[in-house]
Amino acid sequence: MGKLGGFLQIERHGIRYRDPVQRVHDYKEFVAERPEGELRDQGARCMECGVPFCHNGCPLGNLIPDWNDLVYRGRWREAIDQLHATNNFPDFTGRLCPAPCEAACVLEIREGESVTIKQIEHAIIDRAFSEGWVTAQPPRKETGRSVAVIGSGPAGMAAAQQLRRAGHAVVLFERDEAAGGLVRFGVPDFKIEKQIVERRVQQLVDEGVELRCGVEVGRDIDVRELRERFDAIVLATGARVPRDLPVPGRELPGVHFAMDYLYQRNRFVAAEHGPQPTVPAPGHLPQITAAGKHVVVIGGGDTGADCVGNSLREGAASIVQLELLPLPPEHRPDDRTPWPLWPLKYRRSYAMEEALQVGLGEQDYSVATTTFLPGPDGAVGSLRIAQAQSAPPFAAVPGTERELPAQLVLLAMGFLGPDQHLLEQLGVERDQRSNVKAVKPYTTSVNGVFAAGDARRGQSLIVWAINEGRQCARMVDRYLKGLSGHGPQDEGLAGHADADEGPEGPPQHAAPGISAG
């Protein structure tokens, strides 16, 4: 794999970003692709590992060394075939995945030297779309069975695509006005432009998936009707119940959940720049703006960073991002998260880099919010915060209190689980965290009802969502074949039967010192 000794000869060059001072004035993607020659050099750094730990780091099991090598050799057409063999939407993961594969790369034993897997993946799929290599793959034959997939995030889209390619009739239900879930409405355009999502949605439609947006199952359509019309149901509703902060003053105007703000900003960008949704947006949405305000974002994760990035582009007067946990160490702590585990270390977000560059932001750790205080207009005007203890329950340290001005507060503290209304109507069992309980892999306590993604496993990564959608589809396919009197084989499920070998098998060049004969 790669160039013999390439990792010793070629310097690592990571992802290129647009200038932070310039990009805060638009909603275009901030990642800039490297020239083909540089990408081939980066692919050449992938060494012929005896055990490629990147496979273990990737929840999808992507064939990473194979397509790194193919890029190095300029065989881009074969590279996308290898990439699609395990991943339905590398254009999503190449932009949004935090790349646990790179943390598990053998070269990462020397911290900061891993192969730049994510940018190579990004380049492969963008090249494939530009060359016209990504096309619809409708099934060769119909099975006569039908499936309702509820939720059109990455898990639901992956499940719908796999099941449709296996020949089942699939209807994809989405309660919002456009498909894509949080990739469409939660993640900003400057991380993934929404035409990237729309072209994948169109691929599903071209393959024969029926898309019904603006339909909330359990309210707009009765669960009993769904059970009667479809042979199987897949729950892929995500984990959208946000974690709240129950402190005095929480009810003040100006204190909002992060997703309420992010949804509104994404709808604004869609209205201004497209693509337009397929049905009208709900008309009762709260109006939230950061323009000209002192903004405080509570939560230091990706959702909080996206709030910071949007607030900057909206023209906030200042932005402070608060994190309850202590500041992580600068380098991988080998005693806590040794290689190849995902390292618990400090990573400055793209958004905080922007905020610091334009002089409008700061990020503070070990901060507990104790009270929201009203301003002259009756809305939130400031926060009372304190130093937090360094261990659970991270309580406020007496004598460290101070006030922080805030005219908009965004709560980005993660999610607790899926909405319970639909789960109660279906009667499926839930685990202690309120997620759908799988009595067998991806199989709920109700016959014919399956679950995948965050609704089943809780808040997680996009790569886990796609993997869960694919594997859930395999279980649904087996179930449907059992209804037809066939065995639980996987031959008809696209993307599974040939995933071990890839479309044309592994590259056929000889390894050093081994005869090709």
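Keep in mind it's a predicted model, so treat the numbers as computed, not measured. We use all heavy atoms of the structure for the numbers below, so side chains are in, but hydrogens, waters and symmetry mates are not.
- Side chain to side chain, E353 and Q357 meet the donor-acceptor criterion of an N or O pair below 3.5 Å.
- Rounded to the nearest 0.5 Å, atoms OG1 (T86) and CG (L83) are 6.5 Å apart.
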Exercise. I would like to know whether R73 and E78 meet salt bridge (Lys or Arg N to Asp or Glu O under 4.0 Å); could you show each step before the answer?
Key: CA-CA 10 Å; R73 299 175 187 281; E78 295 166 76; over 6 Å; no
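- In this structure, R200 is not positioned above the aromatic face of F92 in the sense of NZ or CZ being under 6.0 Å from the six-membered ring centre and within 45° of the axis.
- Classification of R164 and E142 as a salt-bridged pair holds, one side-chain N sitting under 4.0 Å from a carboxylate O.
- Without hydrogens or angle criteria, W339 side chain to C105 main chain gives a donor-acceptor distance under 3.5 Å.
- With contacts defined as side-chain heavy-atom distances shorter than 4.5 Å, the pair S114/C54 does not qualify.
- Looking at K437, its side chain never comes within 3.5 Å of a backbone N or O of S445 through a donor-acceptor pair.
- Judged purely by atom type and a 3.5 angstrom limit, E174 uses its side chain to pair as donor or acceptor with the backbone of S152.
- Inter-residue side-chain proximity for I196 and E29 is flagged as met; some heavy-atom pair is nearer than 4.5 Å.
- Ionic pairing of E131 and R77 is not present here: no N-O contact between side-chain nitrogen and carboxylate oxygen is shorter than 4.0 angstrom.
- Checked against D176 for a salt bridge (charged side-chain N to carboxylate O under 4.0 Å, His left out), the options R184, R267, R212 give a single hit: R267.
- A salt bridge does not link R265 with D306: none of the charged nitrogens is closer than 4.0 Å to a carboxylate oxygen.
- Among E38, E11, E102, E113, the one residue that satisfies the salt bridge (charged side-chain N to carboxylate O under 4.0 Å, His left out) test with R45 is E113.
- No hydrogens or angles considered: nothing links the side chains of Y27 and N310 as a donor-acceptor pair under 3.5 Å.
- Under the 3.5 Å distance criterion, with hydrogens and angles disregarded, a donor-acceptor pair is assigned to the side chains of E207 and Q161.
- Remark: R336 CZ is loosely packed, at most 12 non-hydrogen atoms of other residues, nucleotides or ligands lying under 6.0 Å away.
- A cation-pi arrangement is found for R313 relative to F190, the charged atom lying closer than 6.0 Å to the ring centre and inside a 45° cone about the ring normal.
- When atom types are taken as modelled, the side chain of Q321 and the backbone of C307 share no donor-acceptor pair closer than 3.5 angstrom.
- The residues R75 and D81 are annotated as not salt-bridged, no charged nitrogen and carboxylate oxygen being separated by less than 4.0 angstrom.
- No cation-pi contact links R240 to F415, judged by a cut-off of 6.0 Å to the six-membered ring centre and 45° from its axis.
- When the shell of 6.0 Å around CG of D419 is examined, it contains more than 12 heavy atoms from other residues, nucleotides or ligands.
- In this structure, R23 forms a cation-pi arrangement with F30, its terminal cationic atom sitting closer than 6.0 Å to the ring centre and no more than 45° off the ring axis.
- In this structure, the salt bridge (charged side-chain N to carboxylate O under 4.0 Å, His left out) partners of K345, at least two apart in sequence or on a different chain, are E111.
- Ring orientation note: the planes of F185 and Y263 are close to parallel, at an angle under 30° on the 30°/60° scale.
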